[in-house]
Amino acid sequence: MKKNMGSTDRFIRLFIAVALLTTFYTDTVTGTIGHLMAAVAGVLILTTFISFCPLYSLLGINTCKMRK
């Protein structure tokens, strides 16, 4: 897998994931929607740590700066 996420993109994803998990664990959002938000947060965290987004590959998006 070739990296296709830049550092800004990774930071934004991590920030959103933390916000989603916070609303879930503080019982602000419960039930099916809460579990769905936690699952989305998990996917965001996973893609943040591996710096690869499969959806970006399908759409041809690359936010990672290339090193020369």
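Just so it is clear, the structure is predicted and the values come from calculations on it, not from any experiment.
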Colleague: Could you grab the distance from atom CG of Asp9 to atom CG of Asn62, nearest 0.5 Å is fine?
Modeller: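 Those atoms lie 10.0 Å apart.
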
Colleague: How far apart are the closest heavy atoms of Thr48 and Leu14, and which atoms are they?
Modeller: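 So the two residues come closest at OG1-N, 4.0 Å.
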
Colleague: Using 0.5 Å steps for rounding, measure from the CZ atom of Phe24 to the CD1 atom of Ile33.
Modeller: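 Separation between the atoms: 12.0 Å.
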
Colleague: When Val18 is tested against each of Leu21, Ile16, Thr22 for side-chain contact (heavy atoms from CB on, under 4.5 Å), which residue passes?
Modeller: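 Testing each of Leu21, Ile16, Thr22 against Val18, the sole residue satisfying side-chain contact (heavy atoms from CB on, under 4.5 Å) is Thr22.
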
Colleague: What's the spacing between Cys64 SG and Arg10 CZ if we round to 0.5 Å?
Modeller: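 Result: 9.0 Å between the selected atoms.
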
Colleague: With rounding to the nearest 0.5 angstrom, report the CD1 to CE distance, Ile61 to Met5.
Modeller: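 Rounded to the nearest 0.5 Å, the CD1-CE separation comes out at 11.5 Å.
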
Colleague: Determine, using the 4.5 Å side-chain heavy-atom cutoff (strictly less than), whether Leu20 and Tyr25 are members of one ILVMFWY cluster.
Modeller: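 No; Tyr25 is not reachable from Leu20 via cluster members.
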
Colleague: Measure from the side-chain N and O atoms of Thr23 to the backbone N and O of Thr28, and report whether any donor-acceptor pair falls under 3.5 Å.
Modeller: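 No; judged by distance alone, with no hydrogens or angles, the pair does not exist.
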
Colleague: Phe49 pairs by side-chain contact (heavy atoms from CB on, under 4.5 Å) with which of Ile45, Thr47, Leu46?
Modeller: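 One option only clears the test, and that one is Ile45.
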
Colleague: Testing the basics here: between Phe52 and Asn4, what is the closest heavy-atom pair and its distance to 0.1 Å?
Modeller: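 What the structure gives for the nearest pair is CA-OD1, 3.3 Å.
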
